[in-house]
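Heads up: the structure comes next, in structure tokens.
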Amino acid sequence: MKVFQSVYFVSGLAAIAGLLFGYDTGVISGAILFIRQDFGLPPGEIGLIVSAVLIGALVGSAFCSQITDRIGRKGSLLIAAILYVLSSTSSALSQGVVELIASRFFLGIAIGISSLTAPLYLAEIAPAKLRGLLVSLNQLAITIGILSAYGIAYALSADQAWRWMLGIGVIPAAILGIALLMLPESPRWMMLKGKVDQARKILSKLRSGADIEPEIKEIEHSLSHEKANWKSLFSKPVRPALVIAMGLACFQQTTGINTIIYYAPTIFEKAGFGTASHAILATVSVGIINVLFTIISLPLLDRIGRRPLLIFGMTGMFLSLAIWGLAFQVGNLEAFRWVALACMLVYVACFAISLGPIMWLMVSEVFPLKLRGIGTSISICAQWGFNFLVSGTFPSLLHAIGPSYTFWLYAVLCLAGIIFVIKKVPETKGLSLEKIQF
Ligand code: BGC
């Protein structure tokens with residue numbers, strides 16, 4: 001069917017992987033309240049159920065380069081879709097804690113594989129001038145997934161239906177699996193495997209008949225100059241790419257976004273929004289702002305560019321974290337909770353136009369084709385490691401040093417991130433993947 005060859009349509013379908021990522025990482029914050037009651041869990045086991053996904057994602061992304069380079073971008077997304085279906089089903093049907101933790105671990109592996117492969121696939125099929133927009137559809141889908149998780153958890157909470165909350169993810173996973181059967185493989189991966197004629201056919205359909213020869217030549221030329229050996233990741237020409245990707249992966253997480261995405265109700269309670277319905281409403285507003293500002297960022301990525309958006313957004317994140325910390329210092333004022341709410345929303349908006357989409361985008365852009373699988377794998381694995389570290393230590397940090405110093409700590413890391421971007425991150429807007437070199 002012709003529609004399956006339009007680059008917009010193909011990108012939209014591939015981005016369902018992002019929806020699953022967002023939904024399955026977000027839904028547990030609501031479901032865990034009822035799982036705890038049903039299974040009568042101690043805090044340690046609750047922590048394990050929540051973090052099993054993150055550990056799985058770390059493992060999945062670590063081994064993903066073997067799959068994505070060997071069987072292709074489409075094949076590894078298909079494996080992820082099958083794993084999503086199986087593990088969501090077994091999470092929903094779990095009869096005990098061990099079963100649930102194991103299912104969530106396999107779900108994490110699916111998230112790890114798809115979180116890496118989807119942006120990579122999108123970057124490799126997109127024309128240079130639309131790459132920011134098309135790759136970031138994945139981030140938009142992540143934010144929509146998180147918002148739907150909040151909404152569905154809220155809607156099903158009256159019935160305490162945690163099994164449905166976990167099981168609903170099967171539907172988009174099955175849609176992704178079926179859609180993948182009809183989507184084309186990445187033409188760049190085809191060229192990597194020496195299948196130039198097939199790559200030419202796919203690219204010509206994706207470019208709707210426009211002249212593709214310059215693009216093919218460019219890919220051929222850069223392949224003939226690249227080394228495939230993993231040690232060359234540390235060679236002089238490739239090292240800056242590794243530094244940029246690892247740096248962005250680190251700062252995306254250590255500036256604290258998931259303390260809000262995973263713990264928003266707890267933070268709102270601490271800020272004086274006493275009732276559960278107030279806390280949930282405030283949490284949903286976080287989800288809505290996240291989606292809205294990601295939409296705003298999409299056309300700006302290819303127009304204004306990655307660097308200015310990163311610097312602008314991270315400065316906003318830094319200021320809101322700093323003021324937020326201050327608000328907790330003078331917490332007895334009535335205006336305080338509104339200042340805290342405003343800071344949280346501004347912070348999420350600034351993340352959504354900067355580190356949110358741009359980390360995924362640039363990690364998929366900066367590595368040369370032969371090293372793209374392994375390079376993204378190392379960086380995204382680090383990203384999941386930092387996610388695990390930050391979300392795992394947040395409750396103890398709150399308890400040990402209090403909210404002010406916790407948020408100031410993230411503010412200091414954000415400042416370090418801004419300096420890193422100014423010094424190390426180049427502009428990649430409008431350049432073909434083959435022209436991005438350091
Ligand atoms: C991050 C996730 C985060 C989400 C929030 C993604 O880019 O990788 O860790 O939960 O954005 O929108």
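Indexing begins at 1, ligand by ligand and atom by atom, following the structure's order.
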Looking only at protein heavy atoms, what sits closest to atom 12 (O) of ligand 1 is Asn290 ND2, 2.9 Å
In terms of relative ring orientation, are Tyr405 and Trp408 parallel, tilted or perpendicular, with 30° and 60° separating the classes?
perpendicular
State the atoms of ligand 1, each with its element, that fall below the 4.0 Å cut-off from a heavy-atom position in Gln383.
8 (O)
Sub-3.5 Å N/O-N/O distance, Gln253 and ligand 1
yes
Numbering as shown, the atoms of ligand 1 that approach Thr143 to under 4.0 Å (heavy-atom distance)
12 (O)
Which part of Thr294 is near ligand 1, with near meaning a heavy atom under 4.0 Å away: side chain, backbone, both or neither?
neither
Please write down residue, atom name and distance for the protein heavy atom closest to atom 3 (C) of ligand 1.
Asn258 OD1, 3.4 Å
So, Arg36 and Glu45, do they make that salt bridge, N to O below 4.0 Å?
no
Taking the basic N atoms (NZ, or NE/NH1/NH2) and the acidic carboxylate oxygens, is any pair closer than 4.0 Å for Arg131 and Glu365?
yes
For atom 11 (O) of ligand 1, the closest protein heavy atom turns out to be Gln139 NE2, 3.2 Å
salt_bridge(Arg163, Asp159) N-O dist < 4.0 Å
no
Take a 6.0 Å sphere around CZ of Phe106 and say whether it holds more than 12 heavy atoms from other residues, nucleotides or ligands.
no
Measuring from atom CD1 of Ile288 to atom OH of Tyr150, what distance do you get when rounded to the nearest 0.5 angstrom?
11.5 Å
Is any N or O atom of Trp360, backbone or side chain, closer than 3.5 Å to an N or O atom of ligand 1?
yes
Can you pull out the closest protein heavy atom to atom 8 (O) of ligand 1? Residue, atom name and distance to 0.1 Å, please.
Gln252 OE1, 2.9 Å
Is Arg104 salt-bridged to Glu99, going by a charged N under 4.0 Å from an acidic O?
no
